[in-house]
Amino acid sequence: MSHVVRDPECLRNIALVGQAGAGKTRLADALLAAAGVEAPAASRKGTPPGEGQEAALEHSITAIPIGFSWGEAWINLIDTPGYADFQGAALSILPAVETVAVVLDAERGLDAMARRMLAWAEERGLCRLIIINRIDAAPARLPALLEALREQVGPECLALNLPARGATRVVDCFFTPEGEADFASVAEAHEQLVDQVVELDDDLMALYLEQGEALEPTQLHDPFEAALRQGHLVPVCFVSAATGAGVEELLNVFARLMPSPLEGNPPPFLRIDDEGESEFPARPDPRAHVLAHVVRIEHDPYLGKVALFRVHQGTVGRDTRLFAGEARKPFRVGTLLRFEGRSPREVTSCGPGELCALTKVEEATLDSVLHDSHDEDHIRLRPLALPAPVFGLAIQATRHGDEQRLSEALARLVEEDPGLAVEQDAVTQETVLRGLGELHLRTALERLAQRFKVEVVTRTPSIAYRETIAAAAEGHYRHKKQSGGAGQFGEVLLRVEPLPRGAGFEFADTIRGGAIPASLLPAVEKGVRQGLAAGALAGYPLQDLRVTVLDGKTHPVDSKEIAFVIAGRKAFLEAVRRASPLVLEPVVELTVEAPGRAMGDLTADLTTSRGRILDTQTLGELVSLQALVPLAEVLDYPHRLNAMTGGAGTYALRFSHHEPAPESVQKPLIKAYRPQEDES
């Protein structure tokens, strides 16, 4: 058991992200081997969730932490999935690192997933590094690839090293810029780096001009870090995980140039109180209150619920009492793990900047902030904009009596994977499992069967249509019921009006003179919300509208809450029916990358699918295409894409917005709607 708390200055937290098939896992293995660390199987019993599936599918589906030392630095490397279907697992880990290293395949270059990761890292204020892997496979393409990076990402993409001797090794362009490269000039590459770095430091720029000679790397270290933090520099490294070319040089870049927790941009913690949100400056001080953030949850058959977390402030030790979010009751830290190689090792404590795991911790959830004082109850980390799960399957247990087991198993899957969601459709009575793609859902179903022993049947779910209104209108309803004793009475006049798309729902009132007492207005709103959920035109939830209560009447004896719930609902539905209601359909943003020869088929297919092409780009032999397409038209897109590209195309989806469905879609939905009789 380790008792060492590592100095934050020596830590390097780096996520390997990017396209599937770029060789991230093989690169991680090569880095481990170069650091003198074997990659043994996990030291604990059992197989971690997903590990067996990853071997069968030959790609990662979860984020895997790896720890090792190089020189005086301790490097926490996180190997993430590359398929778009599993990007939720890759993105949710980003708050644990200072650096995002995007790994590219030299033969394929920059794809949609890599561009997306670079954009997310920039948005989050994380330092970015580009690693071009498999340089031995395509040495002739490397000059064009470097130029393409500068064109597509920006001129801040500069080479830290360059391939040499036919891509069998690399030559450094920063520390000791000597030797010959296969292309470009090492001296010019060094000069470009120095010029880019000193631009942010007037004093260093003056010294550089006065000195008339090269600056030492020690003089450049601090401005280099500043350039990384500000996105003014995105270093590019060349490597071959297969041959080992550039592996040690990459380790030196990690250890000597990538930021420590003391040097990266501070994590975006927020304090949320009655006055709103304000930034909360976490300090990497081991003596401060504990502030940690959960970046992954897994359910282990032997260790129970395991929370992987990053310590941002304070020290977590065995028996430390922690709170999860706003929980009033603390839990006690039991087994505390830290990763050495690929194996978790038990430790007694971990401090700022460290990546650790807690076992048997039911209180923590993904994105929880762990703390040891109620002073931090309302601290949150600014959430990442994760892709919305839009692909869905209606799911039902095969065996009668397995409904509860299925519900519990689905809850665990969703807790582990932020790209999954479970919906209970009140209209269709369906349980719908949603994910980021066909492969994502298939993998989740395999987990249900293998880990939880729950067999299910699936079918295509109903599309998540919505309703809205196109005009303003008023609705009025008087609810009066007498049943021998005390009766019910409530009268409501309200107005509905449309809001901009995506605005949601607003409720207001202009009641004057107590026509409806303030104590009964929540009942009116409750009724309105019931109407919102039930729909008025085709049975789908209503959105993007404002409801304003204008007037009403009460009875001194018979006015009760239930009366105003009913009156509010029926007045609302009457107003909606007069307000030109319409059905909205979900629209997704589709990004496709495929061989250029398939461009004509792709555009023709999207045009016939009611798609609107937003952008096309040529990326060497590939084309990238972005379009907005109704979700109903892409439910079978994986099969169509494979047919058009011979299996060589990739795609990514994310929810964009709802928009009015055409009449050909609306009419059958409205005709099929059979509203339930409502009590009055």
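This one's a predicted model, so the numbers in the text were calculated from it and none came from an experiment.
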L110 and L118, any side-chain heavy atoms less than 4.5 Å apart |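 With C-beta onward as the side chain, the pair touches.
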Report the relative orientation of the aromatic rings in H293 and H312; use parallel for angles under 30°, tilted for 30 to 60°, perpendicular for over 60°.
->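 Geometry flag for H312 against H293: tilted rings.
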Classify the angle between the aromatic ring planes of F238 and F183 as parallel (below 30°), tilted (30 to 60°) or perpendicular (above 60°).
->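 If you compare the ring of F238 with that of F183, the planes turn out perpendicular.
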So does R124 have more than 12 non-hydrogen atoms from other groups sitting under 6.0 Å from CZ?
->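 Correct, the count exceeds 12.
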Flag if over 12 foreign heavy atoms under 6.0 Å of CD, E199 |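 Count over threshold, so yes.
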Using side chain to side chain contact (heavy atoms under 4.5 Å, CB included) as the criterion, point out the one residue from L145, L158, I132 that pairs with V236.
->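 Checked L145, L158, I132 against V236; only one passes side chain to side chain contact (heavy atoms under 4.5 Å, CB included): I132.
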Look at [X] together with [Y] and state whether they make a salt bridge at an N to O cut-off of under 4.0 Å.
X: R310; Y: E98; answer: yes
X: D601; Y: R640; answer: no
X: D105; Y: R134; answer: yes

Let me confirm one number: the [atom1]-[atom2] distance from [X] to [Y], rounded to the nearest 0.5 Å.
X: M599; Y: T645; atom1: CE; atom2: OG1; result: 14.0 Å
X: T176; Y: H190; atom1: OG1; atom2: NE2; result: 10.0 Å
X: L625; Y: T591; atom1: CG; atom2: OG1; result: 8.5 Å
X: F254; Y: R12; atom1: CZ; atom2: CZ; result: 11.5 Å
X: Q230; Y: C127; atom1: CD; atom2: SG; result: 10.0 Å
X: L126; Y: R229; atom1: CG; atom2: CZ; result: 13.0 Å

Strictly distance-based, threshold 3.5 Å: is any side-chain N or O of [X] a donor or acceptor partner for the main-chain N or O of [Y]?
X: N76; Y: I14; value: no
X: E354; Y: G351; value: yes
X: Q87; Y: A84; value: yes

Closest heavy-atom pair and its distance - [X], [Y]:
X: L104; Y: G109; value: CD2-O, 4.0 Å
X: A627; Y: L606; value: CB-CD1, 3.9 Å
X: L355; Y: P65; value: CD2-CB, 3.9 Å
X: L32; Y: G67; value: CD2-O, 4.5 Å
X: L160; Y: P235; value: CD1-CB, 3.4 Å
X: Q219; Y: L204; value: O-CD2, 3.9 Å

Evaluate side-chain hydrogen bond (donor to acceptor under 3.5 Å, both in side chains) for T243 paired with D136, printing each intermediate quantity in order.
-> CA-CA 8 Å; T243 68; D136 55 310; 4.9 Å; no
Give the intermediate values and the outcome of side chain to side chain contact (heavy atoms under 4.5 Å, CB included) for residues R116 and R654.
-> CA-CA 12 Å; R116 194 172 295 117; R654 68 174 180 179; 5.7 Å; no
Step-by-step side chain to side chain contact (heavy atoms under 4.5 Å, CB included) determination, V629 to Y637 = CA-CA 11 Å; V629 195; Y637 194 72; over 6 Å; no
Starting from the C-alpha separation in whole Å, work towards a yes-or-no answer on side chain to side chain contact (heavy atoms under 4.5 Å, CB included) for D79 and L77.
-> CA-CA 6 Å; D79 182 15; L77 200 63; over 6 Å; no
